[in-house]
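All figures in this text were calculated on a predicted structure; none of them were measured in a lab. Below, all heavy atoms of this structure are taken into account, side chains as well, without hydrogens, waters or symmetry copies.
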Amino acid sequence: MQPSPSFNTLVYALVRHIPRGKVLSYGRVAELLGVPNGARAVGWALSALKYTRVVEPVPWHRVVNAQGRISIKGAPEAAFEQHARLEDEGIVFDERGTLDMSRYLWDPPPPVVAELLRDAQGGRPDADAP
DNA sequence: CAATTGACTTGAT
DNA sequence: TATCAAGCCAATT
């Protein structure tokens, strides 16, 4: 078994919970995981999917930047794919390639996040470790 | 252990 | 509206 899941693992776990047709911003993901300013780290984690083998698929396309725009750089194909997948899920982009965050932003049920963070601590907060 | 990197954010110009 | 700069973070080297 693994030690406490890395930050990346937590990111993947949370992103896997984003429902179809909804999105989350990098900053919001970080915030939910308890790292208010870790937006970049989240981006790093998702970009790492290219090299990391995750058993369960991660709907990486459901994460966009705070402005509601695709934020992938240096990989036009991937960016295009993300845009296509989101439209496939019913999300509408305006002429400038922006989606309405106030409408598509997902608000995760607290229990979901709580459970995620709990598992992160080894599944059992019992083991007090100061 | 220090430097580097990048699918971020925010606030100022 | 578009650019720019400075913070912030985890993983990599």
[X] and [Y]: which non-hydrogen atoms are nearest, and at how many Å?
| X | Y | answer |
| --- | --- | --- |
| A/Gly38 | A/Ala30 | C-CB, 3.4 Å |
| A/Gly74 | A/Pro76 | C-CD, 3.7 Å |
| A/Leu99 | A/Val23 | CD1-CG2, 4.2 Å |

By side chain to side chain contact (heavy atoms under 4.5 Å, CB included), which residues pair with [X], not counting sequence neighbours?
| X | value |
| --- | --- |
| A/Pro36 | none |
| A/Arg96 | A/Asp94, A/Thr98 |
| A/Ala45 | A/Asn8, A/Val11, A/Tyr12 |
| A/Ala79 | A/Ile70, A/Ile72 |

Would you indicate whether the side-chain heavy atoms of A/Tyr26 and A/Arg40 approach each other to under 4.5 Å? no

Quick one: does A/Leu32's side chain get under 4.5 Å of A/Leu24's, heavy atoms only? yes

Atom-pair distance (CZ on A/Phe80; C1' on B/dA7), nearest Å: 18 Å

Between atom OH in A/Tyr26 and atom P in B/dG6, what is the gap in whole Å?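 Value for this atom pair: 14 Å.
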
Contact check, residues 67-77 of chain A vs DNA chain B, heavy-atom distance under 4.0 Å, returns A/Ser71, A/Ile72, A/Lys73

Ordered by number, residues from residues 89-102 of chain A within less than 4.0 Å of DNA chain B (heavy atoms) are none

Side-chain donor/acceptor of A/Lys22 to backbone N/O of A/Pro19, under 3.5 Å: no

Using the test side-chain hydrogen bond (donor to acceptor under 3.5 Å, both in side chains), find all partners of A/Arg28 that sit at least two apart in sequence or belong to another chain. A/Glu31

Within one Ile-Leu-Val-Met-Phe-Trp-Tyr cluster: A/Val15 and A/Trp44, side-chain cutoff 4.5 Å: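 Different hydrophobic clusters.
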
In the single-linkage hydrophobic clustering (I, L, V, M, F, W, Y; side-chain heavy atoms under 4.5 Å), do A/Phe80 and A/Leu86 co-cluster?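 They do not share one cluster, since no chain of ILVMFWY contacts under 4.5 Å joins A/Phe80 to A/Leu86.
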
A correct 5'-to-3' footprint of nucleotides 4-11 of chain C, with B, S and - meaning base, sugar-phosphate only and no protein heavy atom under 4.0 Å, is ---BBBSS

Output side-chain donor-acceptor pairs under 3.5 Å for residues 101-111 of chain A, partner residues at least two apart or in another chain, one line each.
{"from": "A/Ser102", "atom 1": "OG", "to": "A/Asp100", "atom 2": "OD1", "distance (Å)": "2.6"}
{"from": "A/Ser102", "atom 1": "OG", "to": "A/Asp100", "atom 2": "OD2", "distance (Å)": "3.4"}
{"from": "A/Tyr104", "atom 1": "OH", "to": "A/Val92", "atom 2": "N", "distance (Å)": "3.1"}

Hey, where does DNA chain B pair up into stems, meaning at least three consecutive Watson-Crick or G-U pairs with distances under 3.5 Å? B:2-6 with C:9-13, B:8-13 with C:2-7

In numerical order, the residues of residues 48-65 of chain A whose heavy atoms come under 4.0 Å of DNA chain C are none

N/O donor to acceptor pairs below 3.5 angstrom from side-chain atoms of residues 56-66 of chain A, sequence neighbours left out:
{"from": "A/His61", "atom 1": "NE2", "to": "A/Glu89", "atom 2": "OE2", "distance (Å)": "2.9"}
{"from": "A/Arg62", "atom 1": "NE", "to": "A/Glu89", "atom 2": "OE1", "distance (Å)": "3.0"}
{"from": "A/Arg62", "atom 1": "NE", "to": "A/Glu89", "atom 2": "OE2", "distance (Å)": "3.1"}
{"from": "A/Arg62", "atom 1": "NH1", "to": "A/Ile18", "atom 2": "O", "distance (Å)": "2.7"}
{"from": "A/Arg62", "atom 1": "NH2", "to": "A/Glu89", "atom 2": "OE2", "distance (Å)": "2.7"}
{"from": "A/Asn65", "atom 1": "OD1", "to": "A/Gln67", "atom 2": "N", "distance (Å)": "3.0"}
{"from": "A/Asn65", "atom 1": "OD1", "to": "A/Gly68", "atom 2": "N", "distance (Å)": "3.1"}
{"from": "A/Asn65", "atom 1": "OD1", "to": "A/Arg69", "atom 2": "N", "distance (Å)": "2.9"}
{"from": "A/Asn65", "atom 1": "ND2", "to": "A/Arg69", "atom 2": "O", "distance (Å)": "3.3"}

